[in-house]
There are 2 protein chains.
Amino acid sequence: MASEQKILLEYLKSKNRKQSKQRTEILELFLKSPRHLTANELYIQVQKHNPAIGFATVYRTLKLLCESGLCREMALEDGVTRYERQQGYEHHDHLVCTKCGKVVEVVDQTIESHQGRLFKKYGFHPQRHRMELYGICKDCVKGEKAG
Amino acid sequence: MASEQKILLEYLKSKNRKQSKQRTEILELFLKSPRHLTANELYIQVQKHNPAIGFATVYRTLKLLCESGLCREMALEDGVTRYERQQGYEHHDHLVCTKCGKVVEVVDQTIESHQGRLFKKYGFHPQRHRMELYGICKDCVKGEKAG
DNA sequence: GATAATCTTGATAAAGATTATCAATTTCAA
DNA sequence: TTGAAATTGATAATCTTTATCAAGATTATC
């Protein structure tokens with residue numbers, strides 16, 4: 001069994017909750033999918049595999065994966081929540097192309113440490129942060145000039 | 001007339017669009033309101049002043065103010081868009097208390113310059129960015145310890 | 001294995017924020 | 001003053017996400 005399935009199982013046990021075929025299947029497909037997936041995109045994948053699974057279950061399972069630490073939510077500016085694998089990935093921020101929607105994961109230690117300083121400066125106990133950089137990627141800039 | 005009203009008027013003329021009492025009134029109340037306002041919060045203010053104005057007009061006017069540069073949208077993680085004055089304010093990011101919702105405007109030049117470096121590093125033409133730091137403010141930390 | 005308590009599921013309704021529609025009204029250039 | 005064009009208010013529609021609930025699945029215990 002993939003280690004992620006084990007993590008989910010452990011989490012369920014620790015919370016006195018139950019395993020289900022649907023959860024196993026949704027996690028499996030989630031792991032196979034590209035990163036930065038919307039709930040609806042995952043639902044479409046799930047439908048192809050097993051049309052009996054409803055989208056409420058997909059939503060619920062994504063929430064569950066987030067609780068268990070396997071997944072994190074990520075809200076861009078279009079109001080649609082995206083989900084990305086968390087396990088085995090370091091913290092990172094996002095660089096987003098506003099033309100094609102491409103998402104690049106980035107991290108800059110100087111920025112990270114200065115964020116910590118801002119929390120301290122204003123007397124906040126730090127919890128988390130989000131940073132998104134919006135621009136036009138190289139390919140789309142080329143496209144603009146060409147076409 | 002407040003300079004903001006002039007700016008709106010200029011913008012409307014430049015786009016061959018029309019002035020209206022509603023727009024003037026909504027802008028006036030928007031300027032009086034606290035920063036980081038939701039459309040609904042502004043609508044409530046507008047209702048007190050003039051119950052004849054519908055909320056669709058408030059939404060439309062906020063969009064218009066954003067177009068004209070008087071206002072900018074700001075999306076936190078609760079899915080509700082907030083609007084803040086833009087004119088006369090420098091770029092800034094937000095430090096948000098997850099307990100009481102307090103929002104502090106912050107800016108760090110080192111972070112700003114490193115963001116520029118990230119755009120460059122990945123070959124993106126920069127457009128804008130957003131950064132939100134979530135934590136617990138001093139007052140709420142005290143509250144937690146006390147009660 | 002059978003059982004019973006409890007959890008999960010799928011379908012659907014509901015919620016909440018925002019946008020679209022459209023007839024009636026208002027604005028403004030001529 | 002006038003008439004084309006924009007704006008308004010009410011309402012419906014949209015879109016994402018969450019709540020509800022009866023029916024079915026799971027698991028600890030015997």
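Every chain is numbered from 1 and lettered A, B, ... according to where its sequence line falls, protein lines coming before strand lines.
- For the residue pair His114(A) and Glu112(B), no side-chain donor N or O sits within less than 3.5 Å of a side-chain acceptor on the partner.
- Tyr43(A) places its OH atom 10 Å from the C1' atom of dG10(C), with the value rounded to the nearest Å.
- When Watson-Crick and G-U wobble pairs are counted only if both distances are under 3.5 Å, dT29(D) pairs with dA2(C).
- Of the two residues near DNA chain D, Gly54(B) and Ala39(A), the one whose nearest nucleotide lies more 5' is Gly54(B).
- Between the side chain of Lys18(A) and the base of dT6(C) there is at least one donor-acceptor pair of N/O atoms closer than 3.5 Å.
- Residue contacts for Thr81(A): at a heavy-atom cut-off of 4.0 Å it reaches the sugar-phosphate backbone alone, with no base atom in range.
- Listed pair Gln22(B) / dG9(D) meets the phosphate criterion, a side-chain N or O lying under 4.0 Å from OP1 or OP2.
- Between Phe124(B) and Phe119(B), a ring centre-to-centre spacing not shorter than 6.0 Å is recorded.
- His129(A) and His91(A) have their aromatic ring centers within a separation under 6.0 angstrom.
- As a whole-Å value, the separation of Leu8(A) CG from dT8(C) P is 11 Å.
- For Tyr11(A) and dC7(C), the OH to C1' distance is 14 Å, given to the nearest whole Å.
- Phosphate proximity of dT18(D) to Lys63(A): present, with a side-chain N or O under 4.0 Å from OP1 or OP2.
- Atom CZ in Arg23(B) sits roughly 15 Å away from atom P in dT26(C) (whole-Å rounding).
- Note on Val103(A) and Tyr122(B): separate hydrophobic clusters, where clusters join Ile, Leu, Val, Met, Phe, Trp and Tyr whose side-chain heavy atoms are under 4.5 Å apart, directly or indirectly.
- Side chain to side chain, Thr61(A) and Gln22(A) fail the donor-acceptor criterion of an N or O pair below 3.5 Å.
- Rounded to an integer number of Å, the gap from Arg82(B) CZ to dT18(C) P is 9 Å.
- As rounded to whole Å, 13 Å separates atom P of dT7(D) from atom CG of Leu9(B).
- Taking atom CZ of residue Arg17(B) and atom C1' of nucleotide dT27(C), one finds them 13 Å apart after rounding to whole Å.
- Each of dG10(C), dT18(D), dT18(C) was ranked by its minimum atom distance to the side chain of Thr57(A); first place goes to dG10(C).
- Checking dT18(C), dT16(D), dT27(C) against the side-chain heavy atoms of Tyr59(B) singles out dT18(C) as nearest.
- Comparing Tyr83(B) and Ile53(A) by the nucleotide of DNA chain C whose heavy atom lies nearest to each, the residue mapping closer to the 5' end is Ile53(A).
- Atom P of nucleotide dT17(D) and atom CG of Leu64(A) are separated by 17 Å, given to the nearest angstrom.
- Between Arg60(B) and Ala56(A), the one whose closest nucleotide on DNA chain C sits nearer the 5' end is Ala56(A).
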